[in-house]
Structure formats: C-alpha cells, structure tokens
There are 2 protein chains.
Amino acid sequence: MMRRHIFYVLVENRSGVLARVAGLFSARGFNIESLSVAQTNRPRISRMTIVVPGDDKILDQVRKQLSKLVDVHEVRDFSMEARDIVDRELVLCKVKADAKQRSEIIEIANIFRARIADVSPDSIMIEVTGSEGKIEAMFKMLSPYGILEAARGGHVAMARGMHNRVDDEESNAA
Amino acid sequence: MMRRHIFYVLVENRSGVLARVAGLFSARGFNIESLSVAQTNRPRISRMTIVVPGDDKILDQVRKQLSKLVDVHEVRDFSMEARDIVDRELVLCKVKADAKQRSEIIEIANIFRARIADVSPDSIMIEVTGSEGKIEAMFKMLSPYGILEAARGGHVAMARGMHNRVDDEESNAA
C-alpha cells in the first residue's frame with residue numbers, strides 16, 4: 001500500500017550519521033519529503049523525524065536496514081503502529097502587507113492561533129505550529145496578499161502517552 | 001573564529017539531494033547539530049535550515065562548495081550577515097505527571113506560552129516554540145518532574161523583513 005510514512009529514528013549525534021540515514025532512502029529512490037533532526041535531552045543522542053511517501057513493504061525493508069546501522073539506536077514507523085501520534089510542523093511565513101492590509105492579516109493569524117514574529121513597513125512575518133492541514137489552510141488564506149517567503153520546519157511527531165486522548169488545539173482552531 | 005552557523009539552503013526537491021548536502025559537511029568532519037528540511041510554496045523546491053558549529057573560514061569554503069552542487073539554488077550563512085533573523089524551534093516534550101502534579105506543569109507551560117498537546121493518567125505532552133534559550137529554560141523547569149521524551153524539530157530561521165524590528169514573543173515570555 002502506498003502512503004506517507006513517518007519514521008522516528010534515534011541516532012548517535014556524530015558526523016556522517018545523517019548522510020548515511022538519508023543515503024539509505026535515496027539509494028532506493030525514495031524522496032524524503034521532510035526531515036528534522038536535533039539533539040535530545042540525552043547527551044550524544046539525536047532524534048530524527050522523517051516523512052517519506054512510499055510503499056509499505058519496501059519502506060519496511062528500509063526500516064530494517066536502518067535498524068542495522070551502527071549509529072542507529074531505535075527506528076519506528078509511526079504510520080504502521082496502532083498507537084495514535086501527535087504530529088506538528090513549525091512554519092515561518094513572510095507576507096506582503098502595508099499598513100492597510102496589516103490588520104486583516106493579523107486577524108487571519110489570530111484565527112489560526114499564529115503569532116506575529118516580525119513586522120516591517122511592507123511585510124509581516126507569521127509563526128505558526130500545527131498539523132499539515134491547518135498550515136495549508138492558513139497558506140490558502142494568506143496567498144492573496146502575496147507570500148514572500150515560507151520556511152517549514154519538517155514534522156515533529158510523538159506517540160501519545162496513553163489512550164486517554166484529549167482534544168488537542170487542532171480540534172479547536174479553525 | 002569558532003561559532004554556530006545557521007545555513008539557509010534552497011534545493012531541488014529530489015531524491016539524494018539531502019544526502020549530498022549532509023555528506024558535504026561530514027566529509028569535512030563537521031557535525032550537523034540540527035537540520036530541518038521541507039517543501040516550500042514553490043513546487044519542487046525544498047528549503048533547509050542547518051545549524052553547524054565550526055570555524056568561520058572552513059565553513060565559508062563549505063558554503064561555496066554547496067553553492068556549486070547542481071541541485072542547490074541558493075545558500076546563505078545567516079551568521080555571517082549583518083541582517084537580523086528570526087530563529088525558532090518546535091519542541092514536543094512528554095513529562096511524567098499524575099493528577100497532583102498536572103496543574104503545576106500546566107502552570108509552567110503557560111508561563112512559556114506552551115500548549116498542552118496530550119494528556120494521560122501519568123503523563124502530559126507539551127508543545128512549545130521559541131528560541132533555544134527559552135526552550136532550555138523550560139526544560140530546566142520541567143526536568144524535576146521527569147522528562148520521558150523530547151523531540152526537537154531543528155531550527156527554522158528567516159531574515160527579518162526590514163530594519164523596523166518589533167519585540168517578538170521572546171521578549172515578553174519568561
């Protein structure tokens with residue numbers, strides 16, 4: 001089955017590990033749609049979240065290959081697990097805005113619970129986090145004003161603690 | 001001079017590009033501290049933000065090599081520019097919390113303008129964005145409760161629109 005897979009990979013924080021992990025996907029022709037990696041609260045351990053669209057079976061082979069790499073401590077494919085996850089993206093987005101349009105854009109930002117990170121006489125920078133659907137919806141609202149620049153941070157995903165799920169902010173926001 | 005460099009790299013959204021870019025840093029022994037990559041609003045173009053500590057001169061050579069790669073459209077080292085940037089991280093953090101501790105932890109989250117992404121009988125998941133300093137300060141406050149898991153999304157950075165700078169949320173939060 002074809003779908004988007006969300007991998008969680010714990011690795012040694014060491015030069016070359018990222019290139020090897022990314023290389024394993026590209027060697028099989030997979031294009032990484034988004035990736036984020038940063039240090040964890042454990043020294044020398046980094047955590048990656050990798051989003052790759054592709055076939056379940058082939059990506060399961062990639063997962064097994066990844067888990068055999070020396071510097072890889074743990075690999076999970078969240079998409080193949082029954083457990084629910086929280087999946088967020090951080091986006092910075094600069095929109096064209098003069099004094100007249102500014103308040104309209106700030107209103108849109110408020111609806112999406114976004115924050116204003118910067119403003120200039122002819123632009124405004126918005127910081128927003130959320131699910132991909134929410135971010136796409138915000139882009140759609142902002143694009144008539146002219147999006148000058150957008151930086152998406154890649155997905156950050158984590159399995160929910162227990163089954164005692166709450167409605168998170170997505171359910172309440174637009 | 002040794003310092004942390006923040007690279008902005010615009011690339012073709014194509015299999016293998018990420019591995020080549022990461023490989024260029026590791027070939028020279030640099031360890032990527034954090035990286036985020038995702039699609040932009042332009043089709044087939046991805047944007048990376050890469051944080052690497054290292055020597056100014058050698059990293060300037062790496063920047064030049066990067067700009068020569070076929071699939072690389074633009075490279076900038078924000079740390080070497082006079083222009084001010086907005087630099088944010090997204091973090092998901094799961095903290096041990098029973099019913100007694102929950103309100104204390106929610107109070108800390110509110111101070112840092114964080115959001116509650118999930119809750120279970122014995123844990124709480126917090127979603128926060130901000131500068132590295134803010135995130136470290138929050139971790140310090142939460143660690144006595146027991147941090148079960150933390151996922152950092154890598155830096156997302158963007159040059160400010162003009163010199164008409166506003167106090168951003170960092171200045172107001174704790």
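Residue numbers begin at 1 in each chain, while the letters A, B, ... track the order of the sequences. Because the structure is predicted, anything quoted here is derived from the model rather than measured. Every heavy atom of this structure was used, including side-chain atoms; hydrogens, water molecules and symmetry mates were not.
The most heavy-atom pairs under 4.5 Å with chain A, out of B:Ala22, B:Ala19, B:Ser15, come from B:Ser15. Taking A:Leu35, A:Val156, A:Val91 one by one and counting their heavy-atom pairs under 4.5 Å with chain B, the maximum is reached by A:Leu35. Among A:Ala150, A:Gly23, A:Ser46, the residue making the largest number of heavy-atom pairs under 4.5 Å with chain B is A:Ala150. By number of non-hydrogen pairs under 4.5 angstrom with chain A, the leading residue of B:Arg152, B:Glu149, B:Arg20 is B:Glu149. Ranking B:Asn13, B:Val17, B:Val51 against chain A, the residue ahead of the rest is B:Asn13, based on heavy-atom pairs under 4.5 Å. When the candidates B:Thr49, B:Asn31, B:Val21 are compared by the number of heavy-atom contacts under 4.5 Å with chain A, B:Asn31 comes out ahead. By number of non-hydrogen pairs under 4.5 angstrom with chain A, the leading residue of B:Gly154, B:Ala27, B:Ala151 is B:Ala151.
More than 12 heavy atoms of other residues, nucleotides or ligands lie within 6.0 Å of CZ in B:Arg3, so this atom counts as buried by the packing criterion.
A donor and an acceptor atom, one from each side chain of B:Thr129 and B:Glu89, are nowhere located under 3.5 Å apart.
Within the 4.5 angstrom heavy-atom criterion, no atom of A:Phe139 approaches chain B. Contact annotation for A:Ala157: only backbone heavy atoms (N, CA, C, O) come within less than 4.5 Å of a heavy atom of chain B. For chain B, the nearby parts of A:Met158 are the backbone and the side chain; heavy atoms of each come within less than 4.5 Å.
No path of Ile, Leu, Val, Met, Phe, Trp and Tyr side chains, each step under 4.5 Å between heavy atoms, connects A:Leu18 with B:Ile6, placing them in separate hydrophobic clusters.
Nearest heavy atom pair, residue B:Gln101 against residue B:Ala97, reads OE1-CA, 3.6 Å.
Between the CD1 atom of B:Ile111 and the CD1 atom of B:Ile106 there is a distance of 12.5 Å, given to the nearest 0.5 Å. The line from NE2 of A:His155 to CD of A:Glu132 is 4.0 Å long, rounded to the nearest 0.5 Å.
Tested against A:Val11 for a side-chain contact (heavy atoms from CB on, under 4.5 Å), the candidates A:Val75, A:Ile45, A:Val72, A:Thr40 yield a single pass: A:Val72.
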